[in-house]
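Each remark here refers to the structure printed beneath this line.
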There are 2 protein chains.
Amino acid sequence: MTSSLNKPVARPSIAEYLISDILAGQYRPGDFVPRELDLCERFAINRSAVRSDLRQLVDGGIIERISGHGSKVREYSQWHILDPQVTDWLTRYAAPNPDIQRQILAFRLDVEPYVAMTAAKRATARDLVAIEEAFEGLGQNLRNATCPEERRLHSECDVAFHEAIFKATHNIVWAQLSHILRPSIYMLVSMSNESALDPDESLEQHRQLMESIRLRRPREAFSAAQAVLAGTAKALGLEDGASSLGCSIKHR
Amino acid sequence: MTSSLNKPVARPSIAEYLISDILAGQYRPGDFVPRELDLCERFAINRSAVRSDLRQLVDGGIIERISGHGSKVREYSQWHILDPQVTDWLTRYAAPNPDIQRQILAFRLDVEPYVAMTAAKRATARDLVAIEEAFEGLGQNLRNATCPEERRLHSECDVAFHEAIFKATHNIVWAQLSHILRPSIYMLVSMSNESALDPDESLEQHRQLMESIRLRRPREAFSAAQAVLAGTAKALGLEDGASSLGCSIKHR
DNA sequence: TTATGAGCATATGTTCAACATATACTTTTG
DNA sequence: CAAAAGTATATGTTGAACATATGCTCATAA
């Protein structure tokens with residue numbers, strides 16, 4: 001019975017422990033992590049569990065296993081940063097590399113205006129409901145920036161807002177991509193919401209984006225999405241990189 | 001010694017067997033696949049191996065495991081079609097759903113012109129080498145459409161061509177996305193290359209795309225990429241869906 | 001002295017069997 | 001007839017034994 005209460009807590013998996021150490025610089029690309037048997041002893045679990053966790057790291061492109069030798073940390077560029085699991089780890093266990101932040105933001109700047117534009121053409125009433133509900137949540141959890149729980153809710157709604165727009169394209173690839181990007185987006189909005197920025201302005205930008213989609217004005221939706229992301233970039237102090245990349249979509 | 005020769009052949013994994021049966025309609029969404037012990041007996045392997053393979057299917061979002069009950073096939077919409085493994089299975093074991101083809105093509109129509117445009121702005125000499133090498137390969141394996149091996153090579157080069165352009169954006173997210181899209185792109189180019197279409201025209205379209213990137217003409221690259229994809233759509237007989245979606249990028 | 005190969009130490013890869021837990025169905029009892 | 005207890009059956013977890021791959025050491029011969 002009590003064990004059922006402990007279960008949800010879940011042991012911080014060895015994967016998470018190792019990720020944490022890797023991101024902290026304890027093990028760097030090219031280094032070898034401790035061998036399986038040492039990990040077994042250290043965490044007092046069996047080898048099957050260790051190997052299961054190590055496999056997660058392999059799937060994420062984070063380590064490379066060499067038979068009879070050990071598990072080597074791969075170069076950062078090899079990591080599967082579009083793997084939801086990997087991005088989730090990055091979100092929780094690292095102040096991610098600013099360069100990675102910038103590149104993810106640059107990618108969103110490339111992509112989201114188009115997604116918004118497509119959504120403006122194809123969104124159904126049901127899609128609008130989802131977008132609107134997320135927007136309501138944004139407004140409700142706006143003020144109490146002091147409470148961590150409120151902040152978390154606000155970020156969740158922000159993510160849900162963007163996710164609903166992806167879904168409104170009615171293209172499975174975009175929809176799936178939104179799932180993949182979810183942790184990345186969460187990371188970016190969390191960080192940007194912590195920054196000191198006018199919340200009312202941000203809310204207004206989101207509102208304009210939503211309205212453009214509702215009124216089926218693709219070009220306005222395009223611009224509105226750009227504005228929202230520009231706000232995020234500004235909050236993160238990444239305007240430079242963002243603007244230099246933003247040019248890739250200012251051609252309309 | 002001989003075993004080392006047999007290894008590369010590899011047993012068709014249970015995952016592949018099940019996928020094949022699922023795609024053939026043997027097991028449909030909502031159905032349960034045979035239980036683990038039956039699969040053990042059927043393929044004469046141990047349960048660990050079976051479970052390992054089933055886990056692959058779970059990772060791909062294809063089945064859902066219910067403790068104490070069985071493994072249920074999930075709805076197609078739940079499948080992780082951006083997972084390279086999944087798309088690879090789809091490529092090899094199914095004449096994929098035409099609707100999925102259309103949506104993937106629609107996605108590429110949304111995305112690749114932008115990727116090409118960005119590549120035209122940022123491509124280095126080294127990037128151009130990769131693009132050019134792939135293009136050379138395209139030309140060399142053009143004529144002998146009779147030989148399956150030549151056809152395979154041609155498709156490989158086509159994929160490499162697109163992949164090199166993704167890489168030339170110098171954005172890790174686009175680069176990773178190219179890896180994820182790789183099997184999908186391979187599937188599409190293979191099918192389009194089997195269709196009767198003027199190979200010289202296709203080659204010329206690729207050449208124009210390459211030249212636009214070399215000469216740093218983003219807007220031309222944008223149009224050229226559209227042309228290449230339009231050719232693919234035409235070859236697949238998907239012009240309708242493609243054009244209805246293509247409007248999402250005809251706004252320049 | 002150096003290059004090569006056999007053999008050994010060590011690490012990961014694979015398989016197997018036993019036990020734990022979760023779910024569905026059946027039976028029993030009020 | 002309904003609810004609860006019990007049972008059957010499936011998946012989940014664990015631990016040990018064995019197989020294979022890799023790197024290192026040492027002996028031997030050119």
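Note on naming: letters A, B, ... go to the chains in the order of the sequence lines (proteins, then strands), and numbering restarts at 1 for each one.
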B:Asp158/B:Ser155 under side-chain hydrogen bond (donor to acceptor under 3.5 Å, both in side chains): CA gap, chis, key distance, verdict: CA-CA 5 Å; B:Asp158 205 331; B:Ser155 296; over 6 Å; no

Can you tell me how far [atom2] of [N] sits from [atom1] of [X], to the nearest Å?
X       : N      : atom1 : atom2 : answer
A:Ile63 : C:dT12 : CD1   : C1'   : 12 Å
B:Phe43 : C:dT15 : CZ    : P     : 15 Å
A:Asn46 : C:dC19 : CG    : P     : 16 Å
A:Glu41 : D:dT14 : CD    : P     : 18 Å
A:Arg47 : C:dT12 : CZ    : C1'   : 6 Å
A:Leu37 : C:dT10 : CG    : P     : 12 Å
A:Arg55 : C:dT12 : CZ    : P     : 17 Å
A:Phe32 : C:dT10 : CZ    : C1'   : 13 Å

Residue pair A:Asp21 / A:Val33, side-chain heavy-atom distance below 4.5 Å: no

Would you indicate which nucleotide in [options] comes nearest to any side-chain atom of [X]?
X       : options                : value
B:Glu36 : D:dG12, C:dC16, C:dG13 : D:dG12
A:Arg51 : C:dT15, C:dT12, D:dT11 : C:dT12
B:Ser48 : C:dT15, D:dG12, C:dG13 : C:dT15
A:Ser67 : C:dT15, D:dG12, D:dA21 : D:dA21

Heavy-atom neighbours of B:Glu136 CD exceed 12 at 6.0 Å: yes

Nearest-nucleotide 5' precedence on DNA chain D, B:Ser71 against A:Gly68: B:Ser71

Earlier contact from the 5' end, DNA chain C, for A:His69 and B:Ile66: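 First, find each residue's nearest nucleotide; the 5'-ward one identifies A:His69.
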
Spacing of CD1 belonging to B:Ile172 relative to CD belonging to A:Gln103, to within rounding of 0.5 Å: 4.5 Å

Geometric class of the A:Trp174/B:Phe107 ring pair [parallel <30°, tilted 30-60°, perpendicular >60°]: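 Taking A:Trp174 first and then B:Phe107, their aromatic rings stand perpendicular (interplane angle over 60°).
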
Side-chain N or O of B:Arg65 closer than 4.0 Å to phosphate OP1/OP2 of D:dG12: yes

